[in-house]
Amino acid sequence: MALDEIKIGGLGASRRRVEDNRFIRGKGNYVDDIVLPGMLHMELLRSPVAHARIKSIDVSAAWEVPGVRLVLTGEMMAARNLAWMPTLSYDTQAVLATDKVRFQGQEVAAVIADDPYIAKDACQRIVVEYEQLPAIVNPLQAMAAGAEVIRDDKENQEGNKVFDWEIGDKSATDKAFADADVISKMECHYPRSHPSPMETCGSIADYNRATGKLTVYMTSQAPHIVRAAVAMVAELPEHMIRIVSPDLGGGFGNKVPIYPGYVVSILASILLECPVKWIEDKTGNLISTGFGRDVYLQGELALRKDGKILGMRMKTISDHGAFYADAQPSKFKIGLMHSTFAAYDIPAAHLFSTGYYTNKAPGGVAYRCSFRVTEAMFFQERMIHGAANDLGMDQAEFRRMNLVKDDMFPYRTAFGFLTDSGQYGKCLDIGMKAIGYDTFQAEKAEARKRGKLLGLGISTMTEPLGAGNSREYDILGIKMFDSAELRIHMSGKGILRTGAMNQGQGHQTTWAQIVAHELGIPAEDITVEEGDTDTAPFGMGTYASRSTPVAGAAVAMVARKVRAKARKIAAHLLEVSEEDIEWELGRFYVRSNKERGVTIQDCAMAAYSNLPDGMEPGLENNAYYDPPNLTWPFAAYFVKVEVDPETGVWDVLKVVAVDDCGVRINPMVVEGQIMGGLTEAYAMSSMQYQTYDEEGNCIGSNYMDYLLPTAWETPGFELYEVVTPCPHHPIGAKGVGECATVAGPAAFVNAVVDAVGHTGVRNIDMPMMPNRVYEALQTGKDISGMPPVKMGD
Amino acid sequence: MTSLYDEVAPTPAADVPTRRITLNVNGEDRTVDVEPRLLLAHLIRQGLKMTGTHTGCDTTNCGACTILFEGRPIKSCTMLAVQADGHNIETVEGMASASELHPIQEGFKEEHGLHCGFCTPGMMLAAKALLAENPDPTEDEIRWALSGNLCRCTGYQNIVKSVLWAAKKMRAESN
Ligand code: FES
Ligand code: FES
């Protein structure tokens, strides 16, 4: 009899998580928990100013502190050719500053000592003389004629522009606009936000002179990329580098890039021949590591009177900070911004993007997002909201009219993506019913009598996940495939390793469920390991919701390879030919006699003890998965708010999330991801952002000013599910980790703008703090969070 | 010199003033020599080698370092180790017995109250203090009690459910 898949923890089981067993006992193993014998501690000295020439650095007083073992400066790094390192976007980044500091918080020197307190003490005794330069804190200043050139270290760098990049069909788009009855415009600033995982970054570098091997325990979402980069920067042979990511206390894209602290700790360990631990403090994390967003968005929709969208054009100006260190597929300069409007049937579109250097922290990471998709979808939904109002159409009906219909798949978007599946209309219907769309206007009128303003916001989108196929997606030339290795022991239990890297997603639990689904081996019999480059197969790591679409597919594929071999063994055991064998979950049987069968566990034992002549022993394999296309989950989010016109304070009355992320491996985990994402969406729309004063001081450098919502502010969520399997993924999954962060913010903003829309306000930039909402209500004008930036022609 | 954290270091370095303190940790007396400026969180993590207590900020905001101090939840990053002299503290390592998880621990697993697990020990201890005072809290009361603890992963809804789950089980057990 076939096994009950849910009982063995297969696909669709809300299996309780394996990793929880250690976390709830306080027995996680985060990098700061690791203690190696003879380990020293490193502290970084950071620049207090945003832009300055370094005139001198005096480290003598630091050396005098008892317990100090090494003081490193940029000059000493330079002597070893390590003062600069490559970024993931073909730029360079200073490891320790030599010539200038280019943002507040930049790494200037390092102290290695017996104890972290001593290292901190000594750091404070380093004297740096700065000659301050004007700070450039937004693209407007960066592009101004005669602006100070931030990157004077780069040959041929004139001005502060990083890139110009363009995609789409300009002439077809221009024509659409010429034919339009109505042109709807929108302008927004998506403020800088920091992923801010609870755990900061850190590393323990351990160089062993005797073996020549360097081991680095570190907070990386992509340990194999780090190994490749370290091999390049430190000029060590790749097989002599072992990168280990232990448990990560969250990542959200922040732990993809390679940071100066890692590199300095590695050099320190090589010089001192002992392990060196570096644990960043929270301020260091917030002011120097990968941020997300910080993009100025301007766009127009060409509309026909009846509501049909004929064309879309948009411009983006992005602020990349002092170094172009975006973590994204190399071919695309502004990530996958051109996935905007992928859910809508629009014949023509054009995007023009420009990036600038500023005196701010470098980054531009995929913060819980598939490479700038968050900005793309946010702006799309703000434009849609504005356009529906401009046409005097209902928000839901305007969307329904323009969304890609079920029978239009596969659908080629105006920017060239191929979306392949979805039931957009159905998701919309479910959400409208759940939020009470039909009765909302009556409710709104009722609230008005109480002096309150109600608003309802919708956000619908499909986003590209699972980068990506090797034709188009690489990082520094390395193709973005992923991998899995599966070894079944003789008892039928096994170990699975992948090239992904868990940071809370629950891979230990869910990968085993895919194996259970493919092989019928109970999930609890499969150990999952990731993060150690000496043992894990090469993979590009976990970010941009790529784990399930890419590594998860590799898990299914490797399990199928193992099953194919087990089938041959089964034929041998059953003494029939392979063609006469059928499979049901966990068991092969003879077609003509279902009673005669062997379990997968029988085959595993036979792989070690009773093989057909000439067969290679063992039951294991690996799989490298190059996805044929991206995956396209769909989400429809609905938010209802109540604004108090007296104060501008808004409360969330209800949040409805309808997610179609394809087949759900573990529904409990999927819902956990959605709720986490919705919370970040709420955070960004209401309070969480980083800004800079005119001197380049980061506002939002600690949790006193960088506001993250607590349990008290965070609203409750109502989740709904639609399943349209991905046609090309082996188990039909699409990925889900980021949908809510991507599409959520626009639902909150649309709701608040809807509540105050009667005043003529079309946009309030995030975060919609009460003062902004209040001002919008008072003035009837859009509230911009940005300095005026000229978008050019 | 020896590390500042060594439990009763045989010879404290001459130039580092230390004080000998005794505190009761999870029911066991521990005597340690500490520098007066040493934070309690660091004593717990490095000196006592109980790494379940995490530090997630520099400003007393995140609550990852929450422990129980005489039964009350406090942020151990904002107390000096010497202030704990003569006091009882409880960390996450003290929650489960050898054979049994605390109902709050079970609740967090059952209701998927954690993702990365970094905030979890602090959350569970804050919840423990709440349930000791209020065995039948409302959702709002739970949200308020946990509002000193940040979580970046879960969105809190399942944390609230975890605490409700635990409260129910604890009430059933005490009946
Ligand atoms: S470490 Fe953040 S509150 Fe103690
Ligand atoms: S589970 Fe990651 S911070 Fe709460």
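Each chain gets a letter, A, B and so on, in the order the sequences are listed, and its residues count up from 1.
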Side chains of A:Glu530 and A:His507: is there a donor and an acceptor less than 3.5 Å apart?
yes
Ranking A:Asn702, A:Asp32, A:Val35, A:Leu248 by heavy-atom pairs under 4.5 Å to chain B gives rank one to A:Asp32
- Message: For a quick check under 3.5 Å, do B:Asp58 and A:Tyr703 share a side-chain donor-acceptor pair by atom type?
- Response: no
(Q) Before you tell me yes or no, could you show the steps for A:Asp121 and B:Arg37 under salt bridge (charged side-chain N to carboxylate O under 4.0 Å, His left out), namely the whole-Å CA-CA distance, both residues' side-chain angles and the distance that decides it to 0.1 Å? (A) CA-CA 12 Å; A:Asp121 286 347; B:Arg37 65 173 176 170; 2.7 Å; yes
Is the shortest heavy-atom distance from the side chain of A:Asp114 to the side chain of A:Arg69 under 4.5 Å?
-> yes
Counting heavy-atom pairs under 4.5 angstrom with chain B, the leader among A:Glu713, A:Met704, A:Arg16 is A:Arg16
Given A:Pro197, A:Ala740, A:Gly716, A:Ser14, the one with more heavy-atom pairs under 4.5 angstrom with chain B than any other is A:Gly716
Whatever's closer than 4.5 Å to a heavy atom in chain B on A:Glu199 counts as both
The interface call for A:Tyr30 against chain B, heavy-atom contacts under 4.5 Å, is side chain
When the 4.5 angstrom heavy-atom criterion is applied to A:Glu280 and chain B, the contacting part is neither
For A:Arg15 and A:Gln508, the nearest pair of non-hydrogen atoms, with its separation, is NH1-O, 4.2 Å
Okay, B:Leu125 and chain A: the region with an atom under 4.5 Å from a heavy atom over there is neither
Okay, A:Arg368 and chain B: the region with an atom under 4.5 Å from a heavy atom over there is side chain
Per-residue tally against chain A (heavy atom, under 4.5 Å) across B:Glu111, B:Met95, B:Met124 peaks at B:Met124
Taking a cut-off of under 4.5 angstrom between non-hydrogen atoms, the residues of residues 155-175 of chain B near chain A are B:Gly155, B:Tyr156, B:Gln157, B:Asn158
Between B:Cys65 and B:Ser76 the two heavy atoms that sit nearest each other are O-OG, 2.7 Å
Honestly, the part of B:Thr59 sitting under 4.5 Å from a heavy atom of chain A is both
**Study point:** Test side chain to side chain donor-acceptor pair (under 3.5 Å) applied to A:Thr283 and A:Ser701, step by step
**Key:** CA-CA 5 Å; A:Thr283 294; A:Ser701 62; 5.0 Å; no
Residues A:Asn666 and A:Thr510: side-chain donor-acceptor under 3.5 angstrom: no
Most heavy-atom pairs under 4.5 Å with chain A, out of B:Thr120, B:Leu146, B:Thr154, B:Leu114, belong to B:Leu114
Between A:Ser245 and A:Gln221, does any side-chain donor sit less than 3.5 Å from a side-chain acceptor?
no
| request: Could you tell me whether the side chains of A:Ser196 and B:Arg152 share a donor-acceptor contact shorter than 3.5 Å? | output: no
Can a donor-acceptor pair be found between the side chains of A:Tyr689 and A:His194 at a distance below 3.5 Å? no
By side chain to side chain contact (heavy atoms under 4.5 Å, CB included), B:Ser97 pairs with (sequence neighbours left out) B:Ser99, B:Glu100
Assert top hit (heavy-atom pairs under 4.5 Å, partner chain B, pool A:Val669, A:Thr200, A:Asp247) equals A:Val669
Highest number of heavy-atom pairs under 4.5 Å with chain A among B:Met123, B:Glu139, B:Glu93, B:His54 belongs to B:His54
Closest heavy-atom pair, A:Val736 versus A:Gln673, reported as atoms and distance to 0.1 Å, is CG1-CB, 4.1 Å
Next item on the list: Kindly state whether the ring of A:Phe291 and the ring of A:Tyr367 have centres lying under 6.0 angstrom apart.
Entry: no
Comparing B:Cys57, B:Pro121, B:Gly94 against chain A, the one with the most heavy-atom pairs below 4.5 Å turns out to be B:Cys57
Those residues at least two apart in sequence (or on a different chain) that pass side-chain hydrogen bond (donor to acceptor under 3.5 Å, both in side chains) with B:Glu70 are B:His87, B:Asn88
Correct closest heavy-atom pair for A:Pro715 and A:Val655 would be CG-CG2, 4.3 Å
The interface call for B:Ile142 against chain A, heavy-atom contacts under 4.5 Å, is neither
We want to know whether B:Thr91 and B:Thr53 form a side-chain donor-acceptor pair, criterion being a heavy-atom distance below 3.5 angstrom. no
Under a 4.5 Å heavy-atom criterion, the part of residues 675-685 of chain A in contact with chain B comprises A:Met675, A:Gly676, A:Thr679, A:Glu680
